[in-house]
2 protein chains.
Amino acid sequence: MVLARLILGLLCLSPMTGYELKKHFDSSINHFWNADKAQIYRTLAQLVDKGYATVRTVAQSNYPDRQEHHITEAGREALVQWLSAGAVQSPERDPFMGQVFFAAELERDEIQNLLEERRQATQYTLDDYLSQREGIDMRAAADRRSFLMAATLDHAIRQQAAELEWLDAVLEYLP
Amino acid sequence: MVLARLILGLLCLSPMTGYELKKHFDSSINHFWNADKAQIYRTLAQLVDKGYATVRTVAQSNYPDRQEHHITEAGREALVQWLSAGAVQSPERDPFMGQVFFAAELERDEIQNLLEERRQATQYTLDDYLSQREGIDMRAAADRRSFLMAATLDHAIRQQAAELEWLDAVLEYLP
DNA sequence: CCGAAGTGGGTGCAAAATCAACTATGTGTG
DNA sequence: CACACATAGTTGATTTTGCACCCACTTCGG
């Protein structure tokens, strides 16, 4: 469902192969979504079925043929409809919070390890996002599209930063 | 996978029926996980299969029989093993960020609507969490279990608060 | 020259999650 | 009395996701 819209969104920016879509999910989109290769190719096929995208096979000299997927007018409409239908509400889901919730089954130092391990991972993720952020041309963010894309990265940065602060607070006051 | 551990965690606190588990997911656990009724009952059956829980049917005078699920020693071990195996890393997943990422397909005022709608929903969720937080006896949070449980709620509160701040920033600077 | 990594695409399978019914009975409200 | 809601649990179908493979060819590093 969501994946199909995200793919439509990417195809809206420019025609792409499944392979290129995967790379986007692993880089520019990774701070708010991820997707398995197999899932991408299958969803792509569904989009073509529904008439939201068309395929154009482009032969290359040295590399395999590109199955270039182009968004159709119907596809663009479906995307806009999703965006116009209002802000989606998705339930919170964080397995790590589950670990914390029941962590009392562990000894105090093991709990501390758990939190410190998470702290390190969060710091690592935050640093990754911050370096991605540096790569963004701030003059380009004057146009609305770039601004919004950069904003989602800012969101991820704020979330990670908030998590770090929380972890430090918990580590400090843990009885 | 995660759901099975969370159920084990809850059964660790006290024996419960599927119905009661569902209520916990809808109330005390809702800030970091949710689960469908059907999924809970099926997972419960799996836990019994694996020997992580046992069922005791308790007849009631006016109401249907309770299928009380008790955690076994093996179940407790499985839970502890999950907690000891280290902090789980789960990829970020936020459909709303997808909407923002591609929101440039909309007009400026529609984008503003989208963000304001989300702002309201976030405020509502935050208020809910804050009122849950009020219900927590702070003296009880001196023991480690209560402290950790309250901490996960604090985490959710911080996340929602950070989201609000972000939304305000985006609304202010949106070109 | 060998092997690793990159380009490009795909299948099969299983687990996890969601949606929508359906079964009973009891209790409280208008 | 009818109706909604709470207690308690179950079934079927479908979608979503994740993991592990498989193909073919090219380019680059040592």
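Each chain gets a letter, A, B and so on, in the order the sequences are listed, and its residues count up from 1. When reading the values below, keep in mind they use all heavy atoms of this one structure, side chains included, and skip hydrogens, waters and symmetry mates.
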Which angle, rounded to 10°, do you find between the first-five-pair axis and the last-five-pair axis of the helix from C:dC1-D:dG30 to C:dG30-D:dC1? 40°
Starting at atom CD of A:Glu68, determine the distance to atom P of C:dT7, rounded to an integer number of angstrom. 16 Å
Counting only side-chain heavy atoms from C-beta out, which of C:dG8, C:dA20, C:dT11 sits nearest to B:Ala38? C:dA20
More than 12 heavy atoms of other groups within 6.0 Å of A:Gln120 CD: no
What pair of heavy atoms forms the shortest contact from B:Arg144 to A:Glu107, and how long is it? NH1-C, 4.4 Å
Just N and O in the side chain of A:Thr17: are any of them under 4.0 Å from OP1 or OP2 of C:dG9? yes
A:Tyr41 has a side chain; which of C:dG9, D:dT26, D:dT10 sits nearest to it? C:dG9
Between A:Gln46 and B:Lys23, just flag the one whose closest nucleotide in DNA chain D comes earlier from the 5' side. B:Lys23
Does atom CD of A:Gln60 have more than 12 heavy-atom neighbours from other groups under 6.0 Å away? yes
Do A:Gln123 and A:Asp127 pair up side chain to side chain, a donor and an acceptor below 3.5 Å, judged on atom types alone? yes
Using a cut-off of strictly less than 4.0 Å, decide whether A:Arg93 has a side-chain nitrogen or oxygen near OP1 or OP2 of C:dA17. yes
Taking D:dC21, D:dT17, C:dA17 as options, the one with an atom nearest any side-chain atom of A:Lys37 is D:dC21
Spacing between A:Arg66 atom CZ and C:dT7 atom C1', to the nearest angstrom: 10 Å
Check whether any side-chain nitrogen or oxygen of A:Asn62 sits under 4.0 Å from OP1 or OP2 of D:dT27, and answer yes or no. yes
Restricting to non-hydrogen atoms, name the atom on B:Val55 and the atom on B:Gln67 that form the minimum distance, rounded to 0.1 Å. CG1-OE1, 3.4 Å
Measure the distance from OH on A:Tyr63 to C1' on D:dA24 and round it to the nearest whole Å. 13 Å
What are the two closest heavy atoms between B:Gln132 and B:Asn30, and how far apart are they? NE2-ND2, 3.5 Å
Is the distance from OP1 or OP2 of D:dT17 to the nearest side-chain N or O of A:Gln39 less than 4.0 Å? yes
Tell me the interatomic distance from B:Glu20, atom CD, to D:dA6, atom P, rounded to whole angstroms. 15 Å
Enumerate the ring pair (Phe, Tyr, Trp, His ring centres under 6.0 Å) contacts for residues 152-175 of chain B, please, sequence neighbours excluded, ordered by first and then second residue. A:His155-B:Trp166, A:Trp166-B:His155
Can you name the residues that form a ring pair (Phe, Tyr, Trp, His ring centres under 6.0 Å) with A:Tyr129, not counting sequence neighbours? none
Among the candidates D:dG12, C:dG6, C:dG9, find the nucleotide nearest to the side-chain atoms of B:Arg42. D:dG12
D:dT7 P sits how many Å from B:Asp65 CG, rounded? 16 Å
Distance in angstrom units between B:His69 NE2 and D:dT10 C1', rounded: 13 Å
5'-most by nearest nucleotide on DNA chain C - A:Asp36 or A:Pro64: A:Pro64
If each of A:Gln60 and B:Val2 is mapped to the nucleotide of DNA chain C with the nearest heavy atom, which maps nearer the 5' terminus, i.e. the 5' end? A:Gln60
Whole Å only: how far is the CE atom of B:Met1 from the C1' atom of C:dA14? 13 Å
In whole angstroms, how far is the C1' atom of D:dT17 from the NZ atom of A:Lys22? 12 Å
